[in-house]
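It should be emphasised that the depicted structure is a prediction, and the values quoted were computed from it without experimental measurement. First listed ligand is number 1; within each ligand, the first listed atom is number 1.
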Amino acid sequence: MPNLCLVLALILFSASSISCCTDHERNCLLQFLAGLSQDGHGGLAASWRHGTDCCSWEGITCSSSSSSSTASKAVTITDVLLASKKLEGSISPALGRLPGLQRLNLSHNSLSGGLPAEIMSSDSIVILDISFNLLNGDLLDSPSSSSSSASGRRIQVINVSSNSFSGRFLSSSWKEMENLVVLNASNNSFTGPMPTFFCIRSSSFSMLDLSYNHFNGNVPPEIGNCSSLRMLKADHNNLSGTLPDELFNVTSLEHLSFPNNGLQGVLDGAGIIKLRNLVVLDLGFNMFSGNIPDSIGKLKRLEEIHLHHNSLAGELTPAIGSCTNLKALNLGSNNFSGELGKVNFSKLSSLKSLHVSYNSFNGTIPESVYTCSNLNALQLSFNKFHGQLSFRIANLKSLTYLSLAENSFTNISNTLQILKSSRDLTTLLIGGNFRDEEISDDKTIDGFENLKVLAMENCPLFGNIPIWISKLKNLEMLFLFNNHLSGSIPVCISTLNSLFYLDLSNNSLSGEIPAELTEMPMLRSERVTSHLDIKIFELPVYTGPSPKYFTVSDFPAVMILENNNLTGVIPTELGQLKALLSLILGYNNLHGEIPETILDLTNLEILDLSNNHLTGTIPADLNNLNFLSELNVSNNDLQGPVPTGGHLDTFPRSSFDGNPRLCGHILDQDCDDPVVVDAPQGSSRQGGYKVIFVIAFGALFGVGVLLDQLCLSRLVT
Ligand SMILES: *[C@@H]1O[C@H](CO)[C@@H](O)[C@H](O)[C@H]1NC(C)=O
Ligand SMILES: *[C@@H]1O[C@H](CO)[C@@H](O)[C@H](O)[C@H]1NC(C)=O
Ligand SMILES: *[C@@H]1O[C@H](CO)[C@@H](O)[C@H](O)[C@H]1NC(C)=O
Ligand SMILES: *[C@@H]1O[C@H](CO)[C@@H](O)[C@H](O)[C@H]1NC(C)=O
Ligand SMILES: *[C@@H]1O[C@H](CO)[C@@H](O)[C@H](O)[C@H]1NC(C)=O
Ligand SMILES: *[C@@H]1O[C@H](CO)[C@@H](O)[C@H](O)[C@H]1NC(C)=O
Ligand SMILES: *[C@@H]1O[C@H](CO)[C@@H](O)[C@H](O)[C@H]1NC(C)=O
Ligand SMILES: *[C@@H]1O[C@H](CO)[C@@H](O)[C@H](O)[C@H]1NC(C)=O
Ligand SMILES: *[C@@H]1O[C@H](CO)[C@@H](O)[C@H](O)[C@H]1NC(C)=O
Ligand SMILES: *[C@@H]1O[C@H](CO)[C@@H](O)[C@H](O)[C@H]1NC(C)=O
Ligand SMILES: *[C@@H]1O[C@H](CO)[C@@H](O)[C@H](O)[C@H]1NC(C)=O
Ligand SMILES: *[C@@H]1O[C@H](CO)[C@@H](O)[C@H](O)[C@H]1NC(C)=O
């Protein structure tokens, strides 16, 4: 065998001094292989065969060992790179006994069990990446076998992220890691206090990611020992207390990220000014109070400020206008007040995202905002802004997302005229403004060519549903609920090829439900294909008397025409809208029977036909609608038996109440008995309609917006 090996080596590497790995190394690898229950469907075993040179095995790299000064053919395994090989089973401690192993990469497999202490305490490993596996247990080191190694461990990079490790970090386990530079422990179940002792051990320690764990207690003052730390992330933990003064000694910090914890206190201006290298400051979803200190303006490298969902208050410091590299400013959901115009935005030419929704800002939109020509998301909703939109907003050529909802803006005609030529605009949320204005069917409104989401709910607006809406060829979601819109539903809405979410509820629409509505291509498809990014931050969802929930991520196909004055019968063609998850037609004047074709809506989860004048029977095969979880046919004039069986039996009595001629066990009305006709009950319209706003707050990171956090808040109108 050694002969064959030598020959191979000679062929491959001409006359270089490469030779085979040692028996010891081969045995270590074979022990690792033996510990696997799945090795990429046999792929590894095919390559890792007894009697062959393990330097040529898949994923293995050897090099001449530099340590051996006998300048001969000493070769040792330096790399075991087996990322994404579909490996299952456990990691053998034998890998830790490979004497020259420098890089071990087992990421993106399904390895389980613990990480052997032999690997953590290897004297040779420099880079260890076991991220994205199913490993669990504590991360434990064992004391170095050789009490030698004057230079301590060589390990520089440890990535154990996205596993199921638990337990505390014990300083004793890490005391020999004097060369550590990077530790990513995110997305595990680690507990106990936030560890910072790496910094004391290693003067070059520069990146610590502890996000998505269960660390608790205060941010330890020992963090001040981390004199080389550039990135510190600990979001989604259970940290509490205030930021320690010592943190601000870490002047090397570029990225400081503690969102979604229980931190509090005021932002210390004298401290923050010391972090002169800061690029990203993310303290969102905490309980910070007070104001943003003026010294923030001295941080010239700042690109992102995320302070959303805290209790910050007062007027904004004009100093923000001096952070000239700012790309994202997210101050949503605080208690800021006064004029946004305290900040002069004209030097923030890199600004891409300005998010100040859910505060108490007043005044008008500052003109200087319109000089931020790179702005692509402007979120001003739920404040006290007033006035008319300035034509200068047309300067914002990259604007894709504009939310002005729930302020006191006026002149809807003007607003639409100005915005119609914003070519990149995909999401326009302007509901809750334009109180009692009339929406005119302005023939000159065209454009909005890329609009995908249009929300003009809750103003209330008078007038008819404007025909120009049918020109918005890319429209996917249309929210017009809670207005005083009258007239009939325009037939031409059915030409909107991409529309899958239509909410016209709580208006004064009359006439019949146009059969053409059932021709909408997207609703007729098996599956909604949306070109919307998951980047939707705020979507209004009107729900009627019973709350309906809606997950932002999977864009349900919905038709809500509830609480209008619609007459006629339910078009039988409705059965073609296969994609529908919710069909809500309650509180109208519909009559006739429930069409049997409703049984074709096999994806339906919510069906509400209540409070109409429907007659006939309830289709008996309703339980074929496997996903139906909410049904309301109450307060009609239905008769015959309430269908039973399967999940139909789980619907409450209130689903069927108010139909004196319905019978069945659930109504305590035996179907064989002659029906006693009660006085009609409960058909009066209920007040207290609720609007649920589903809000996803996104944060802009350079090119994209990441969905950061979902938050539900309810408003009772
Ligand atoms: C490990 O391998 C994966 C997949 O090739 C790669 O993405 C990752 O960067 C590697 N880890 C290190 C520390 O180089
Ligand atoms: C693990 O972390 C290291 C250091 O940050 C990084 O180089 C590597 O790409 C990460 N591994 C994966 C799979 O992302
Ligand atoms: C740590 O690893 C996770 C994946 O497990 C990754 O999302 C995150 O970006 C990494 N952190 C850093 C700072 O690279
Ligand atoms: C966390 O880990 C799980 C399981 O490995 C993975 O599916 C998920 O993508 C990870 N999350 C992040 C933010 O990396
Ligand atoms: C680490 O920080 C603590 C608290 O700030 C301090 O008392 C200690 O002297 C520091 N240790 C080193 C080695 O710098
Ligand atoms: C977070 O910490 C607080 C005490 O600071 C504790 O009461 C709470 O149970 C912890 N929550 C979790 C999820 O660990
Ligand atoms: C670190 O911060 C503390 C508290 O602010 C201060 O007393 C100490 O002098 C600082 N140490 C250094 C080295 O800057
Ligand atoms: C916001 O500030 C106002 C005074 O400006 C105060 O009345 C209100 O309680 C504050 N709200 C919150 C949630 O802190
Ligand atoms: C705006 O808010 C500030 C601070 O709350 C207040 O002093 C000012 O009068 C308000 N201005 C207007 C026009 O309402
Ligand atoms: C904002 O600053 C620019 C110069 O950077 C100046 O021309 C403009 O007048 C300022 N605007 C306000 C409202 O102060
Ligand atoms: C609304 O805006 C239009 C211009 O688009 C203007 O002609 C009209 O006077 C404005 N109405 C009010 C009440 O300001
Ligand atoms: C509903 O329509 C009928 C006639 O079709 C009309 O008499 C009634 O006033 C309308 N109700 C509302 C609330 O618009």
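Considering backbone and side-chain atoms alike, Asn187 places every N or O at 3.5 Å or more from each N or O of ligand 3. In terms of polar-atom proximity, defined here as any N/O pair under 3.5 Å, Asp209 does make such a contact with ligand 3. Taking any N or O of Ser162, backbone or side chain, at least one lies under 3.5 Å from an N or O belonging to ligand 3.
The CZ atom of Phe434 lies 9.5 Å from the CG atom of Asn407; values are rounded to the nearest 0.5 Å.
Qualifying side-chain contact (heavy atoms from CB on, under 4.5 Å) partners for Ser257, counting only residues two or more places apart in sequence or in other chains: Lys233, Asp235, His255, Pro259, Asp282. Under the side-chain contact (heavy atoms from CB on, under 4.5 Å) criterion, Glu254 pairs with Arg230, Asn277, Val279, Arg301, not counting sequence neighbours. With sequence neighbours excluded, the residues that form a side-chain contact (heavy atoms from CB on, under 4.5 Å) with Asn464 are Ser486.
Ser381 and Ser357 share a donor-acceptor pair across their side chains, judged by distance under 3.5 Å alone. At a cut-off of 3.5 Å, with distance as the only test, no side-chain donor of Ser164 or Asn136 sits close to an acceptor on the other residue.
Pocket lining of ligand 11, defined as residues with a non-hydrogen atom under 4.0 Å away: Gln388, Asn411, Asn414.
For ligand 3, the atoms lying closer than 4.0 Å to a non-hydrogen atom of Met207 are 12 (C), 13 (C). The atoms of ligand 10 that sit less than 4.0 Å from any heavy atom of Lys347 are 5 (O). Within the listing of ligand 3, atoms 13 (C) sit less than 4.0 angstrom from a heavy atom of Met231. Interface of Phe132 with ligand 3, defined as ligand atoms under 4.0 Å from a residue heavy atom, comprises 4 (C), 5 (O).
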- Under the side chain to side chain contact (heavy atoms under 4.5 Å, CB included) rule, what do Leu111 and Leu135 come out as? Steps first, then yes or no, please. CA-CA 6 Å; Leu111 297 164; Leu135 299 163; 4.2 Å; yes

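Across Asp209, Leu208, Thr196, a single residue satisfies side-chain contact (heavy atoms from CB on, under 4.5 Å) together with Leu232, and that is Leu208.
Taking 4.0 Å as the cut-off, Ser346 counts as a neighbour of ligand 10 on heavy-atom distance. Remark: distances from the non-hydrogen atoms of Ser186 to ligand 3 include one below 4.0 Å.
Phe285 has its ring centre less than 6.0 Å from the ring centre of His308.
What you find for Ser390 and Tyr370 is that their closest heavy atoms are CB-CE1, 3.5 Å.
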